[in-house]
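All values derive from a computational prediction rather than experimental measurement. Residue numbers start from 1 in every chain, and the chains themselves are labelled A, B, ... in the order their sequence lines are given, proteins ahead of strands.
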2 protein chains.
Amino acid sequence: MSNDQQYPIPDLAEVELVDVLRALADPVRLQILQVLADGRAHPKSQPEWGLDLQKSTLSHHFKTMREAGLTETLVDGRTHEIRLRRDELAVRFPGLIDSLLAAR
Amino acid sequence: MSNDQQYPIPDLAEVELVDVLRALADPVRLQILQVLADGRAHPKSQPEWGLDLQKSTLSHHFKTMREAGLTETLVDGRTHEIRLRRDELAVRFPGLIDSLLAAR
DNA sequence: AAATCAGTTCGATTAATGTCAAACGATCAG
DNA sequence: CTGATCGTTTGACATTAATCGAACTGATTT
């Protein structure tokens, strides 16, 4: 079996703006967001993100973003990928992700 | 003399997105932002904001927002007003403030 | 001049957060 | 089966941040 989503993600209807902002008010997670901007799924492996962090720290940031409704996880064997929930976010918070990704 | 702006505000060119997000990733300051959404200057006095906080706490939040580039202060004698730097913010972070104010 | 008022600053307390290392669980390779 | 790999969880530590009350500053009023 592969690509089953099996980490719990919140319904965006229950996510508040302040939750999303808290999740993104961190340089590491903002960098992760930028990488995810291409709309594709990215492996959780360290080299992917251009960040000099331990894997446990990275794992913490992934969890934070997922619980804030920003990402979903795709599990395939022992590797994981994450994807930005861009369409759903655009419905819940129109224009927000776009403006964040456009900022330099 | 009145309405001289005399609290230092940063040049938005030097403000990073993460600074703005940190400043807004708080329910109190998000509420203040909503009040400022009408574009007018609002007095710092407590009844204005619908928040049950001591004045020293409110003062802390105003300072945080000002230093993040979100607001400017207008001093008139012993009373102060603050205003959202909306036009400048729209140039530096296009669409961001609008999407935040539209979120429910 | 003295009292009052608006707002800031300071110090203390408490809670939340980012980071790492170590241990753990599950999957895959030999 | 054994060992390596991917990622999570846990616990510890240090830092940041929100809040309050008290003291303070400067402006206004009496």
For this session: Taking heavy atoms of chain A and a 4.0 Å limit, find me the 5'-most and 3'-most nucleotide of DNA chain D within that range.
Result: D:dA4 to D:dT9
Problem set entry | Toward the 5' end of DNA chain C, by each residue's nearest nucleotide, A:Arg22 or A:Gln54 | A:Arg22
Exercise. Within this structure, what is the CG-to-C1' distance between B:Leu21 and C:dT17, rounded to whole angstrom?
Worked result: 16 Å
Seminar exercise, completed: To the nearest 0.5 Å, atom CG of A:Leu70 lies from atom CG of A:Leu24 at 5.0 Å
For this session: By nearest nucleotide on DNA chain D, pick out whichever of B:Lys55 and A:Thr57 is the more 5' one.
Result: A:Thr57
Exercise. Roughly, in whole Å, what's the span from CD1 in B:Ile82 to P in C:dG7?
Worked result: 10 Å
Seminar exercise, completed: Shortest non-hydrogen pair, A:Leu74 vs A:Ala41, comes out as CD1-CB, 4.2 Å
Problem set entry | Nucleotide of C:dT17, C:dT4, C:dG18 approaching B:Arg78 most closely (side-chain heavy atoms) | C:dT4
For this session: Using a 4.0 Å heavy-atom cut-off across all strands, classify A:Ser45 as base, sugar-phosphate, or nothing.
Result: sugar-phosphate
Exercise. So what does A:His61 touch, heavy atoms closer than 4.0 Å: a base, only the sugar-phosphate, or nothing?
Worked result: sugar-phosphate
Exercise. Counting side-chain heavy atoms from CB outward, which of C:dA22, C:dT9, C:dT19 is closest to B:Ser59?
Worked result: C:dT9
Problem set entry | Separation of C:dA6 C1' from B:Gln6 CD (nearest whole Å) | 13 Å
Problem set entry | B:Asp26 and B:His61, any side-chain heavy atoms less than 4.5 Å apart | yes
Exercise. What is the nucleic acid contact for B:Leu53, judged by heavy atoms within less than 4.0 Å: base, sugar-phosphate only, or nothing?
Worked result: sugar-phosphate
Problem set entry | Salt bridge flag under 4.0 Å for residues B:Asp98 and B:Arg86 | yes
Exercise. For the pair made of NE2 in B:His80 and C1' in C:dT9, what is the distance, rounded to whole Å?
Worked result: 13 Å
Exercise. Less than 3.5 Å between a donor and an acceptor, one on the side chain of B:Lys44 and one on the base of C:dG7, is that the case here?
Worked result: no
Seminar exercise, completed: CG of A:Leu89 to CG of A:Leu96, rounded to nearest 0.5 Å, is 8.0 Å
Problem set entry | Whole-Å gap separating P (C:dA26) and OH (A:Tyr7) | 11 Å
Exercise. Between B:Pro43 and A:Val28, who's closer to the 5' end of DNA chain C by nearest nucleotide?
Worked result: B:Pro43
Seminar exercise, completed: Taken to the nearest whole Å, CG/A:Leu51 to C1'/C:dT19 is 13 Å
Exercise. Counting side-chain heavy atoms from CB outward, which of C:dA6, C:dT19, C:dG18 is closest to A:Arg29?
Worked result: C:dG18
For this session: To the nearest 0.5 Å, tell me how far B:Leu51 CG sits from B:Gln31 CD.
Result: 5.5 Å
For this session: May I ask you to say whether B:Glu72 pairs ionically with B:Arg85, meaning some side-chain N is under 4.0 Å from a carboxylate O?
Result: no
For this session: List the steps and the verdict of ring pair (Phe, Tyr, Trp, His ring centres under 6.0 Å) for B:His80 and B:Phe62.
Result: CA-CA 11 Å; B:His80 300 182; B:Phe62 292 146; 9.4 Å; no
Exercise. Which whole-number value in Å describes the distance from B:His60 NE2 to C:dT14 P?
Worked result: 18 Å
For this session: Record whether the side chain of B:Thr79 comes under 3.5 Å of the base of C:dA6 through a donor-acceptor pair of N or O atoms.
Result: no
Seminar exercise, completed: Whole-Å distance, A:Gln46 CD to C:dC20 P, equals 10 Å
